[in-house]
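Values reported hereafter were calculated over all heavy atoms of this structure, with side chains retained and with hydrogens, waters and symmetry mates removed.
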Amino acid sequence: LYGLLLIPLLARGVFVTSRAADPAPPAEEATSLLGRYLEVLRHPTALPFIAWQVGAFSVMMLFVTHGSFIYQEHFGQSEGAFGALFAVNVGAMFLCNLLNRALLSRIPVLRLLQGATIAQALGVILVLMAAVLRWPLVVFTPALAIAIGTTGAITPNIQALFMQRFPRSGGTAAALLGASQFGLAGLITGLSTLLPHTLVAITLAMGGCSAFALIWLATSLSWPRARVLEEVPS
């Protein structure tokens with residue numbers, strides 16, 4: 001219903017503005033669907049950004065998959081308390097998203113992405129320590145909020161940097177990033193159900209995904225400036 005309600009709003013606002021502002025695209029040779037995807041994948045930073053997104057996003061997906069076990073079975077919380085504790089992480093994502101937006105006018109997008117990924121890794125380390133050392137819920141909750149909330153800054157920054165590289169094939173690039181993000185993260189979380197049903201095992205899986213994202217962060221530090229658009233978006 002929400003999607004249907006957006007259609008007339010987009011038709012009267014966004015799409016009309018886009019048609020009026022953008023000149024007619026130049027005539028181009030027809031390219032197959034597979035050819036357009038291959039064109040995106042051949043970009044030197046396309047796969048690194050996709051892999052980075054999959055790693056960071058999987059941390060959140062693992063929490064979504066095992067959240068009820070973590071809060072209700074491991075910590076013994078009620079259904080009502082589970083809803084409130086789950087909402088803490090959603091609120092943390094919202095706050096990180098707002099903070100990220102406020103910092104965009106001062107800090108390059110890539111630097112914000114790197115900082116948010118490091119913050120997520122620190123949150124995951126705290127979550128893993130809480131699981132191993134059996135810290136109480138009052139300590140575990142803010143640690144998890146850091147690990148999950150930073151997704152609110154990581155995801156939009158990766159999307160912005162990724163989409164900047166494909167001004168003429170934005171639809172294909174967005175479809176590829178979205179399919180990879182949800183498809184691979186869904187596969188990872190599905191496989192995580194084969195792990196021992198313990199908090200340590202779940203947080204170790206989150207740590208593995210965060211470490212995978214950090215690998216691509218480390219790779220980005222050596223990218224030549226020409227391969228990374230550092231301009232602050234308008």
Side-chain angles (χ1 to χ4, degrees), residues 47-79 81-97 113-155 157-158 177-221:
L47 288 177
F49 276 127
I50 291 173
W52 195 336
Q53 176 77 323
V54 169
F57 191 75
S58 295
V59 173
M60 184 188 72
M61 289 293 288
L62 284 165
F63 162 68
V64 172
T65 302
H66 301 283
S68 60
F69 165 77
I70 292 173
Y71 287 132
Q72 292 182 262
E73 294 188 37
H74 181 82
F75 286 106
Q77 299 299 301
S78 65
E79 292 181 3
F82 166 68
L85 290 166
F86 195 97
V88 169
N89 298 282
V90 178
M93 289 180 62
F94 178 68
L95 291 176
C96 285
N97 191 274
L113 173 58
Q114 292 167 341
T117 306
I118 292 172
Q120 182 187 62
L122 293 175
V124 171
I125 290 172
L126 288 174
V127 167
L128 183 56
M129 291 176 61
V132 173
L133 300 177
R134 299 184 179 182
W135 289 349
L137 181 63
V138 68
V139 180
F140 179 87
T141 299
L144 185 62
I146 295 172
I148 305 304
T150 45
T151 311
I154 294 171
T155 297
N157 287 330
I158 287 181
L177 180 62
S180 301
Q181 169 184 325
F182 285 98
L184 295 177
L187 177 62
I188 290 170
T189 53
L191 292 174
S192 73
T193 60
L194 301 176
L195 296 172
H197 216 45
T198 65
L199 183 60
V200 173
I202 295 169
T203 53
L204 278 173
M206 294 172 67
C209 293
S210 180
F212 185 70
L214 286 175
I215 291 173
W216 298 104
L217 181 153
T219 302
S220 72
L221 296 176

Could you tell me if Gln77 and Gln72 have a donor-acceptor pair between their side chains, going purely by distance under 3.5 Å? no

Please give me the minimum heavy-atom distance between Thr117 and Leu217, naming the atom from each residue. CB-CD1, 3.6 Å

When you look at Ile158 and Phe57, which way does the side-chain contact (heavy atoms from CB on, under 4.5 Å) test go after all the steps? CA-CA 11 Å; Ile158 287 181; Phe57 191 75; over 6 Å; no

The reported gap from CD1 in Ile202 to CG in Leu128 (rounded to nearest 0.5 angstrom) is 12.0 Å

SG/Cys209 to CG/Leu214 distance, rounded to the nearest 0.5 angstrom? 11.5 Å

Closest heavy-atom pair, Gly152 versus Asn97, reported as atoms and distance to 0.1 Å, is O-ND2, 3.0 Å

Check whether Gln120 reaches the backbone of Ile148 with its side chain - one donor and one acceptor, N or O, closer than 3.5 Å. no

Quick one: does any side-chain atom of Thr193 pair with a main-chain N or O of Gly190 as donor and acceptor, under 3.5 Å? yes

Using every non-hydrogen atom in the two residues, find where Trp216 and Ala51 come nearest and quote the distance to one decimal. NE1-CB, 3.2 Å

Heavy-atom closest pair (Ile50 atom, Ser180 atom, distance to 0.1 Å) is CG2-CB, 3.5 Å

Is a side-chain donor or acceptor of Thr189 paired with a backbone partner of Gly186 at a separation under 3.5 angstrom? yes

Distance col, row Ile70:CD1 vs Thr203:OG1, nearest 0.5 angstrom, shows 8.0 Å

How many angstroms lie between CZ in Phe63 and OG1 in Thr151, if you round to the nearest 0.5 Å? 10.5 Å

For the residue pair Val54 and Ala185, what are the closest heavy atoms and their distance? CG1-N, 4.4 Å

Closest heavy-atom contact between Phe140 and Ala130? CD1-CB, 3.7 Å

Applying side-chain contact (heavy atoms from CB on, under 4.5 Å) to Leu126 and Leu122, what does each step give before you reach the verdict? CA-CA 6 Å; Leu126 288 174; Leu122 293 175; 5.7 Å; no

Measure the NE2-NE2 distance between His197 and His74 for me, rounded to the nearest 0.5 Å. 11.5 Å

Can you name the side-chain hydrogen bond (donor to acceptor under 3.5 Å, both in side chains) partners of Gln114, sequence neighbours left out? Arg111, Ser220

Would you please test Leu113 and Trp52 for side-chain contact (heavy atoms from CB on, under 4.5 Å) and show each step? CA-CA 10 Å; Leu113 173 58; Trp52 195 336; 3.5 Å; yes

Gap separating the CZ atom of Phe182 from the OG atom of Ser58, nearest 0.5 angstrom: 10.5 Å

Side-chain polar contacts of residues 83-96 - donor-acceptor pairs under 3.5 angstrom, sequence neighbours left out - could you list them?
{"unit_1": "Asn89", "atom_1": "ND2", "unit_2": "Tyr71", "atom_2": "OH", "d": "3.2"}
{"unit_1": "Asn89", "atom_1": "ND2", "unit_2": "Leu85", "atom_2": "O", "d": "3.1"}

Going through the distances and angles, do His66 and Ser192 end up as a side-chain contact (heavy atoms from CB on, under 4.5 Å)? CA-CA 9 Å; His66 301 283; Ser192 73; 2.8 Å; yes

